[in-house]
Amino acid sequence: MAKDLLIGSHVSMNAPDYYLGSVKEAISYNASTLMFYTGAPQNSYRKPLKELKIEEGRALLKEHGMDENYIVVHAPYIVNLANTVRQDLLAASIEMITTELQRTAAFGARTFVLHPGNHLGAGEDLAIQTLVSSLNQVFQNDGTEVKIALETMAGKGSEIGTSFASLKKIIDLCDYPERLGVCIDTCHMNDFGYDVHDIDGLLKEFDEIIGLNRLLVVHLNDSKNVRGSNKDRHENLGYGEIGFETLCAIANHPLLKDVPKILETPYVDKKPPYALEIQMLRDEKYIENWKEKI
Ligand code: FE
Ligand code: FE
Ligand code: ZN
């Protein structure tokens, strides 16, 4: 059981400190967890693990009482495990995700967030079959126990995995259901059409369809767009269509106590907003016009 509010943000991993720098960045926001990419999310180049100061970062995490069970790695954007159109890209995606799970394990992390993919005109049913076959290959070969948390998507373009029902279908069809969980993204759920203001109702629905034991990560973002817009543009807490009150209630919800909440809100004037956003969520108190204080 986590004692503190499990809250963090996406953090960077850059030279010269790499993972040590990521952990320092999270600590500077007074976060209790963090999410990172093991390399640039938009390409497949990956630095060798031995250059990433992983041991130093892990030691600092431990020193600050941050539990590795709750840290999160995010998959690169370029993969599409549901690609039914290009076999070469599908094969490259399977290979990359297999390696990414091994890299995730090397950081001591246990949870890897993945966008289910895009059907590219082939339709969701065929895309789900392809995704499931890809996941089976990944889990057969990666040799780790890292869980993949399938993220709920906004339904932009040909994204699959927007509803609880479709994620449940993926989990049920997979040969390794014990390796699968879910990441709910508040911006994506709003943009797909869920009423995130009714969080109790949503969690009840999630529990009935998927089971709350599979809820591994919450991405806590406000949304620039109205419910059902299928857009996926994140906004800072209190500046969007969801609003601070709802996002704060989600962050502090008793049923989500042991689920890491991760901010993926935009920078403000090239500066990270996370220290202030985390402070407001911990205090459960909104600071009017807080962006002006960054
Ligand atoms: Fe994501
Ligand atoms: Fe997200
Ligand atoms: Zn998003």
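First listed ligand is number 1; within each ligand, the first listed atom is number 1.
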* Asked: Is the number of heavy atoms from other residues, nucleotides or ligands within 6.0 Å of CG (Asp269) greater than 12?
  -> no
* To do: Please say whether more than 12 non-hydrogen atoms of neighbouring residues, nucleotides or ligands are located less than 6.0 Å from CZ in Arg46.
  =>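 Enclosed: over 12 neighbouring heavy atoms sit under 6.0 Å from CZ of Arg46.
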* Starting from the Fe ion (ligand 2), look over the N/O/S atoms of Glu264 and name the nearest one. =>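 The closest N, O or S atom of Glu264 to the Fe ion (ligand 2) is OE1.
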* Verify the distance test for His188 against the Zn ion (ligand 3): any N/O/S atom under 2.8 Å, yes or no. =>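 True for His188.
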* Look at the N, O or S atoms of His219, main chain and side chain alike, and state whether any lies under 2.8 Å from the Zn ion (ligand 3). =>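 Not a single backbone or side-chain N, O or S atom of His219 is under 2.8 Å from the Zn ion (ligand 3).
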* Please confirm if an N, O or S atom belonging to His115, backbone or side chain, lies less than 2.8 Å from the Fe ion (ligand 1). =>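 True for His115.
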* 2.8 Å cut-off met by an N, O or S atom of Cys183 to the Fe ion (ligand 1) ->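 No N, O or S atom of Cys183 is closer than 2.8 Å to the Fe ion (ligand 1), so no.
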With a 6.0 Å cut-off on the ring centroids, do [X] and [Y] count as close?
X: Phe244; Y: Trp290; answer: no
X: Phe206; Y: Tyr194; answer: no
X: His10; Y: His234; answer: no

* To do: Could you pull out the atom name of the N/O/S atom in Glu151 that is nearest the Fe ion (ligand 1)?
  =>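 Atom name returned: OE1.
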* Asked: Side chain of Asp185, backbone of His188: donor and acceptor closer than 3.5 Å?
  ->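 Checking the backbone N and O of His188 against the side chain of Asp185, a donor-acceptor pair under 3.5 Å is found.
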* May I ask you to check if Lys147 and Phe112 form a cation-pi contact, with NZ or CZ under 6.0 angstrom from the six-membered ring centre and within 45° of the axis? => no
* Asked: In Asp232, the N, O or S atom nearest to the Zn ion (ligand 3) is which?
  ->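 Checking each N, O and S atom of Asp232, the shortest distance to the Zn ion (ligand 3) belongs to OD1.
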* To do: Please determine if the Fe ion (ligand 2) has an N/O/S atom from His74 lying under 2.8 Å away.
  => no
* Apex the Fe ion (ligand 2) - arms OD2 from Asp185 and ND1 from His219 - angle rounded to 10° -> 110°
